Amino acid sequence: MERGGFGGAGRHDEEAPAMRPAPQQRYRTVESHDRAVVQMAPMEFGSSADASASAGPRYIKPGTNLRTDARMHMASSNGRSSNGSQGDSKLELFGFDSLVNILGLKRMVGEQAQASASTRDGENAGIAIGHPKETETKLDTMMGVFVPCLQNILGIIYYIRFTWIVGMGGVWQSLVLVAFCGSCTFLTTISLSAIATNGAMKGGGPYYLIGRALGPEVGVSIGLCFFLGNAVAGAMYVLGAVETFLDAVPSAEFFQESVTVVTNTFVNGTAAGNATTISTPNLHDLQVYGIIVTILLCFIVFGGVKIINKVAPAFLIPVLFSILCIYIGVFIAPRPNASKWITGLSITTLKDNWSSDYQRTNNAGVPDPNGALLGLYFPAVTGIMAGSNRSASLKDTQRSIPIGTLHATISTTMMYLLSVFLFGALSTREGLLTDRLLCAAVAWPSPAVVYAGIILSTLGAALQSLTGAPRLLAAIANDDILPVLNYFKAYEGSEPHVATLFTSFICISCVIIGNLDVITPTITMFFLLCYAVIMFMISWTFTVVSLALASLIYYYVSLKGKAGDWGDGFKSAYFQLALRSLRSMGANQVHPKNWYPIPLIFCRPWGKLPEDVPCHPKLADFANCMKKKGRGMSIFVSIIDGDYHESAEDAKTACRQLSAYIDYRRCEGVAEIIVAPSTSIGFRSIVQTMGLGNLKPNIVVMRYPEIWRRENLTQIPSTFVSIINDCITANKAVVIVKGLDEWPNEYQRQYGTIDLYWIVRDGGLMLLLSQLLLTKESFESCKIQVFCIAEEDTEAEELKADVKKFLYDLRMQADVIVVTVKSWEADPDRSGGSKKDDPEVYRSVQSRIRTYISQLKEAAERERRPLMEGGKQVVVDEQKVEKFLYTMLKLNATILRHSRMAVVVLVSLPPPPLNHLAYCYMEYMDLLVENIPRILIVRGYRRDVVTLFT
């Protein structure tokens, strides 16, 4: 097979009869029930083998191993098969993707590809070879989402706490409470549906959705809190079942406790000051039975999620039947032997219960109403996540989660709203507040139906919590974000036993508390972190604890967690913000007050570095000196000589290495690698296209080619001059660093002066660079000296005063020194004056230039062509050469005379003369930097980078 093609049978297929292609042959669609199906898998791009010339497809016997060999290929690239037909090779140009990926699409989203799947994010990246493996039965919308949500929402709160909520808050406040919580869960369901329909969803439920939408830090912090909420919810359901059981069977209690409830209920306008005595289960009874039931549930959970899925209808049907019995009992109340508080549906009772009647109780079994209604009721509606917790077991998550969750949310909210009216019109306020099992008392035909429904619903919900919480913790651990969670990892197809043990420990610890009304606000706080509700309405204490816990987890994940780039919403928001900011900046010229250096760091134009070091270390240090921390951005660029198609992979590898090196050196920048035929051509492309809008690099930074004389006498000078000319043409500033090896790092403090030799107007770039150097710890103890270079007939004092005034307006402190030099035309003894400064250097430079020019002239005369250098025609003006040599020698002598002990020297960069020899320009530059250990050669551009005005 070549590029995914498949061809005819080979010689070894004697068992299968040859299928000869007949004229006008038609092929039918391959069905899933066919005995033989060709399984195709993608080959590595570029792999090849000898193509066969067979025209027909090969028949594969059932049970025969499918092999890919050199004889199973499509026709050659000319589009002809062995029999001359071109019809069988029409799709060869498209490669293997056109057919193979279609065969593997369903398996890409339905199975985990073990060989190529990422351990951290669980995304599938390959197509398995061979027959599809047997997978577990997937759940539909009804059994996978709707039933679990219904089972969790219609739980213990509805049976033994909802009537008390109606009695305490009254009908109208209870309606507001149910509507408010229902709106919160409805909006959450809408968001949940939007994320679930945005792509394929794996296991982990809300953690997977939040983590992939908002990033690993937010996902892990909220996911762990959601895990704690589920684990504690298991304890709540267990205590609810035990409390109901002990109320139904008082003889099973080991201890007995009487609690006095003081009521201030008004009856016909008169305060009823009588005290009602209520018998409630003892705390120790709740603890003993709760621990026993939790241990039994844990054994069931260890049996696996399949058992729980099978018994889920058995738990739900009695619950629905018990609710139906409650409604029947409400409509036929009051029955004989009914409680004195049950009046039946009455408008008068509804009016009496319409307003609220908050009162304090001294009872561990009846909750304290101080801001606890919302915290007490909200866990009843948090069951909407039960369906998303089963995301890994659903047939179609994108369809099942929105439909099932929305239907469960709307139906249960309407049922709770209806129940508020029914309970408010059914019983007096005293009955609502004191009879915790009023639902059982009113149920038809017997309270035992409701007792059974309560116990089965709470046990089923507890099983759901004890099953979902460990899988949520295992999903967080499998993403490999936090190494501390590695103990809870669970391999594909295995049960998370360690996570189940840990969940059981948390559940038993909460059961020991034994107070249902203390546990429910805790669950509410952990769940509210997922719903983003104003938690301060419920409890300041629990809110602070929950937010502090989530913040600590977020901070810990940010510090210790591994990177998990899931394309989260925060990065999308950052990207949109960057685009909006870029558009708002436009392409107009930035004002000097808003100007920031964006250096383009030319990493390896010349110089010898180890292969594993993509950039000179001191060049990275210097890049950090050019900007304040957090302001500006550096672009590190390197050029690879060669053909792009041949060196594309090498460029990607080099870019990754350079990016890693930038992070290692703690530079704020990005890496770019360019492949070009030569350094000059590559840099010309960079300087024209790099950047976007006003975020284009404005300063080119590179090291001085000190090795040019011993490495390459022609290529390096021509490349160096070409780069400078390209920068001038593109209006980019240039900073050339000489003495890079001696550049100090952040720990080497310098003492002395930073000397600026201001020769030409550069927009204040040298002044700005000197001030940036002072902001670094290495140079903060230095002083700035500004040397103004002028001719002898210039008014030195007037120039000095003007520069001082300019620096004062710029709020820069510096000493100003005016240095006068004679021009080449004004020096009567030009050669002698030059020789007095440094005769050896001057003579050697003159000798080298003469030799080089004579060689060029001889070559031009021999080949009968104009004088050429580097493929370009040049003009030799010996008088200009002498003039430039004189200027550079005088400037070098001035620098050595005044700044021999300076920490760093900044000097203006002379532009390369037009049609001048690049070799001569390099000699000029060498003469300028001679014996100066550390120098920055700077050329500004046609704009100001500093301003006098505020």
Side-chain angles (χ1 to χ4, degrees), residues 605-608 639 641-642 676-684 702-729 734 736 738 823-825 827 829-893 909-931 937:
W606 32 71
K608 297 297 182 181
I639 299 175
D641 294 342
S678 65
T679 303
S680 300
I681 297 176
F683 183 83
R684 192 163 298 156
M702 59 182 173
R703 66 181 303 188
Y704 183 77
E706 302 174 50
I707 63 169
W708 72 276
R709 200 182 307 281
R710 62 178 181 271
E711 292 292 334
N712 195 315
L713 289 176
T714 57
Q715 184 177 358
I716 292 181
S718 60
T719 303
F720 183 73
V721 171
S722 175
I723 290 174
I724 295 176
N725 285 328
D726 291 340
C727 293
I728 295 174
T729 303
V734 183
I736 302 172
K738 191 256 183 180
S823 63
W824 185 78
E825 293 83 358
D827 190 354
D829 189 12
R830 292 185 287 266
S831 345
S834 298
K835 292 178 183 179
K836 289 179 182 177
D837 293 314
D838 197 339
E840 287 297 328
V841 173
Y842 187 79
R843 291 196 195 97
S844 59
V845 171
Q846 279 187 325
S847 175
R848 289 194 298 268
I849 290 178
R850 290 194 185 101
T851 303
Y852 183 77
I853 293 176
S854 63
Q855 291 176 354
L856 288 181
K857 290 181 177 180
E858 291 177 1
E861 293 175 357
R862 184 171 58 252
E863 298 175 6
R864 296 182 179 180
R865 57 171 175 77
L867 196 63
M868 306 283 288
E869 184 191 43
K872 297 180 180 180
Q873 185 173 352
V874 294
V875 177
V876 176
D877 188 340
E878 295 185 358
Q879 186 176 2
K880 278 189 175 182
V881 172
E882 291 290 335
K883 180 178 179 180
F884 294 151
L885 283 177
Y886 173 87
T887 303
M888 292 302 177
L889 186 62
K890 283 292 184 182
L891 185 56
N892 176 261
L909 172 69
L914 186 63
N915 296 329
H916 204 69
L917 291 174
Y919 177 87
C920 294
Y921 184 78
M922 287 302 304
E923 290 286 2
Y924 306 153
M925 297 302 300
D926 266 5
L927 192 56
L928 173 64
V929 302
E930 185 73 25
N931 296 325
I937 313 171

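Owing to the predicted nature of the structure, the values given are computational and were not obtained by experimental measurement. Residue numbers count from 1 along this sequence.
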Within the 4.5 Å heavy-atom criterion, are [X] and [Y] side-chain neighbours or not?
{"X": "Leu885", "Y": "Leu927", "result": "yes"}
{"X": "Trp708", "Y": "Pro717", "result": "yes"}
{"X": "Met888", "Y": "Val845", "result": "no"}
{"X": "His916", "Y": "Val881", "result": "yes"}
{"X": "Leu856", "Y": "Val876", "result": "no"}
{"X": "Pro705", "Y": "Met922", "result": "yes"}
{"X": "Tyr852", "Y": "Glu869", "result": "yes"}
{"X": "Pro910", "Y": "Phe884", "result": "no"}

Q: State whether the number of non-hydrogen atoms from other residues, nucleotides or ligands found under 6.0 Å of Glu878 atom CD is greater than 12.
A: no
Between atom [atom1] of [X] and atom [atom2] of [Y], what is the distance when rounded to the nearest 0.5 Å?
{"X": "Leu928", "Y": "Lys738", "atom1": "CG", "atom2": "NZ", "value": "10.0 Å"}
{"X": "Leu909", "Y": "Ile724", "atom1": "CG", "atom2": "CD1", "value": "5.0 Å"}
{"X": "Phe720", "Y": "Thr679", "atom1": "CZ", "atom2": "OG1", "value": "13.5 Å"}
{"X": "Ile723", "Y": "Ser718", "atom1": "CD1", "atom2": "OG", "value": "9.5 Å"}

For [Y], is there any backbone N or O sitting under 3.5 Å from a side-chain donor or acceptor partner on [X]?
{"X": "Ser854", "Y": "Arg850", "value": "yes"}
{"X": "Tyr919", "Y": "Ile853", "value": "no"}
{"X": "Thr851", "Y": "Ser847", "value": "yes"}

No-hydrogen, no-angle side-chain donor-acceptor test under 3.5 Å, Tyr886 and Glu882: no
